[in-house]
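This report concerns only the one structure given below.
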There are 2 protein chains.
Amino acid sequence: MNASPQKSPWPNAADRERERGEKRNALLSAAVRSFNERGFHATSLDDVAASLNVTKPTIYYYFANKDEILFECVRLGLDGIRQIAEAVENAGGSGLDRLTALMRGYAVIMTKDFGMCVTRTADHELSEESRSRFRALKREIDITVRRVVEDGIADGSIASDDARLTTFTLAGALNWIARWYEPNGPLTAEQIADSCVKTLVQGLAPRS
Amino acid sequence: MNASPQKSPWPNAADRERERGEKRNALLSAAVRSFNERGFHATSLDDVAASLNVTKPTIYYYFANKDEILFECVRLGLDGIRQIAEAVENAGGSGLDRLTALMRGYAVIMTKDFGMCVTRTADHELSEESRSRFRALKREIDITVRRVVEDGIADGSIASDDARLTTFTLAGALNWIARWYEPNGPLTAEQIADSCVKTLVQGLAPRS
DNA sequence: ACGGTTATTTACTTCTCAGTATATGACCTA
DNA sequence: TAGGTCATATACTGAGAAGTAAATAACCGT
């Protein structure tokens with residue numbers, strides 16, 4: 001067993017940077033929970049700071065302004081979805097197989113703090129600049145999902161005559177999970193995801 | 001042809017009450033449009049008043065406070081849905097037939113000002129009291145829809161093993177219309193409604 | 001003509017909260 | 001041990017907007 005290089009009790013440059021990142025993340029986590037619970041406008045940075053035993057100017061040491069904090073939250077949420085969407089796009093299987101996997105991952109993210117923030121945040125809560133970046137990121141995901149739907153239509157595994165509307169309908173059902181999901185409820189995120197996806201894939205009408 | 005009773009140029013008590021109601025409605029319409037466009041918090045009553053060529057205290061002559069205005073908006077939206085839900089409940093046809101009609105009407109309302117307001121309004125934007133009334137109204141509708149789903153499961157016209165989750169999934173897809181619908185877009189509200197409902201009823205997987 | 005009611009205005013108060021100027025301490029390097 | 005950087009705190013400014021007090025105009029019934 002090799003001794004690992006001795007860890008100095010004094011932080012070096014790399015340590016300090018890691019610590020800074022961790023503190024930044026802690027602030028984002030505290031903020032996003034409050035945004036989700038009380039709403040962006042009703043969340044004061046004084047309260048967010050106090051919940052971590054610091055004061056407001058400390059927040060401004062890590063972020064330029066409140067808008068940047070909100071944008072970072074939705075960016076993290078969207079990034080999770082994007083990763084799933086990209087992973088799925090390159091996977092094998094029919095269009096429907098890939099869309100099913102995508103929707104399942106999407107649904108699970110909607111039950112997490114940063115995912116919830118994405119659908120609970122209205123465009124107009126962000127500054128003009130952040131708003132266009134927010135929209136661009138959402139559009140990117142929409143396009144990816146739509147492409148999978150189109151693949152499914154092309155290979156015959158998905159029935160739809162309008163990939164755009166179908167994508168909106170699916171996304172709505174999944175996005176809405178963030179509005180009613182209860183972390184302490186009886187169902188796990190995975191059970192909810194499976195049930196939603198099944199409803200969307202099978203439809204309401206029974207199959208003979 | 002009978003002469004209708006002569007209309008006096010001076011308003012009587014009934015006229016005045018009607019006028020008051022009309023003005024109240026005009027204020028609600030102006031407010032809801034701004035709420036939908038800019039958000040509740042970003043909408044100042046000064047602006048709403050100015051858009052109708054009056055001043056803020058005039059608003060306070062018709063409403064007790066900003067919260068009451070928002071609540072009235074969502075109440076009107078929810079009332080539209082409730083009416084459709086009740087009309088459909090007493091109609092004939094299988095559970096799926098009735099649910100289809102309900103979803104179609106629901107979707108159309110989601111493209112109207114007051115309907116949009118319902119799903120764009122987060123609970124925490126309302127005062128504690130309005131919030132519980134808001135939730136109660138939504139719960140009422142949810143229960144009605146769920147009952148229709150259960151009817152469909154019972155009569156075999158709907159395939160689902162969890163009426164509650166299925167109802168949430170459908171409601172999400174329909175509610176989300178309010179987030180992306182463009183009144184000046186290429187599709188009418190009815191076309192969108194039909195497409196969404198078809199996707200939900202038929203499912204993504206092709207039927208052989 | 002006159003007191004009362006309806007509808008609306010001007011001008012003000014008050015509060016919350018984002019964002020900042022500046023001080024302070026801890027710790028690192030030379 | 002002295003100067004510099006990092007991290008955080010105290011105490012403040014300023015803007016925006018909800019809500020109100022009080023004046024005023026229009027109009028009604030008597």
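Note that the structure is predicted; figures quoted are calculated from it, not measured. Lettering of chains follows the sequences in order, A, B, ..., and the numbering in each one begins at 1. Heavy-atom basis, side chains included; hydrogens, waters and symmetry copies ignored.
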Exercise for the section: Would you check if B/E37 and A/H124 make a side-chain contact, meaning some heavy-atom pair closer than 4.5 Å? Expected result: no

Practice task
Working to the nearest 0.5 Å, report the span between CZ of B/R33 and CG of B/L28.
Solution key: 11.0 Å

Problem - N or O in side chain of B/R20 less than 4.0 angstrom from C/dA7 OP1/OP2 - result: yes

Practice task
Using only heavy-atom distances, determine whether the side chains of B/T166 and B/T169 contain a donor-acceptor pair under 3.5 Å.
Solution key: no

Practice task
Would you mind reading off the distance between B/D46 atom CG and D/dA18 atom P, rounded to a whole angstrom?
Solution key: 7 Å

Problem - d(OH, A/Y60; P, C/dG19) in whole Å - result: 4 Å

Handout entry: Modelled atom types, side-chain donor and acceptor of B/D162 and A/S195, under 3.5 Å
Key = no

Practice task
Would you kindly give the NE2-to-P distance between A/H41 and D/dG16, to the nearest whole Å?
Solution key: 14 Å

Exercise for the section: Starting at atom CD of A/E19, determine the distance to atom C1' of D/dT8, rounded to an integer number of angstrom. Expected result: 14 Å

Handout entry: Between C1' of D/dG19 and CG of B/N65, the distance in whole Å
Key = 9 Å

Exercise for the section: Measure across A/M110 and A/L174 and return the closest heavy-atom pair with its distance rounded to 0.1 Å. Expected result: CG-O, 3.4 Å

Return the polar atom pairs (N/O with N/O) between nucleotides 8-12 of chain C and the protein under 3.5 Å, or none.
from, atom 1, to, atom 2, distance (Å)
C/dT8, OP1, B/K23, NZ, 3.0
C/dT8, OP2, B/Y62, OH, 2.8
C/dT9, OP2, B/T55, N, 2.9
C/dT9, OP2, B/T55, OG1, 2.7
C/dT9, OP2, B/T58, OG1, 2.6

Exercise for the section: State whether a side-chain donor-acceptor pair under 3.5 Å links A/D67 with A/S127. Expected result: yes

Handout entry: Rounded distance (Å) that lies between atom C1' of D/dT8 and atom CD1 of A/I59
Key = 12 Å

Completion exercise
Taken to the nearest whole Å, CG/B/L45 to P/D/dA17 is 10 Å

Practice task
For A/A64 and for A/D47, find the nucleotide of DNA chain C with the closest heavy atom, then tell me which residue's nucleotide is more 5'.
Solution key: A/D47

Exercise for the section: Check the distance between C/dG19's C1' and A/E68's CD and give it to me in whole angstrom. Expected result: 14 Å

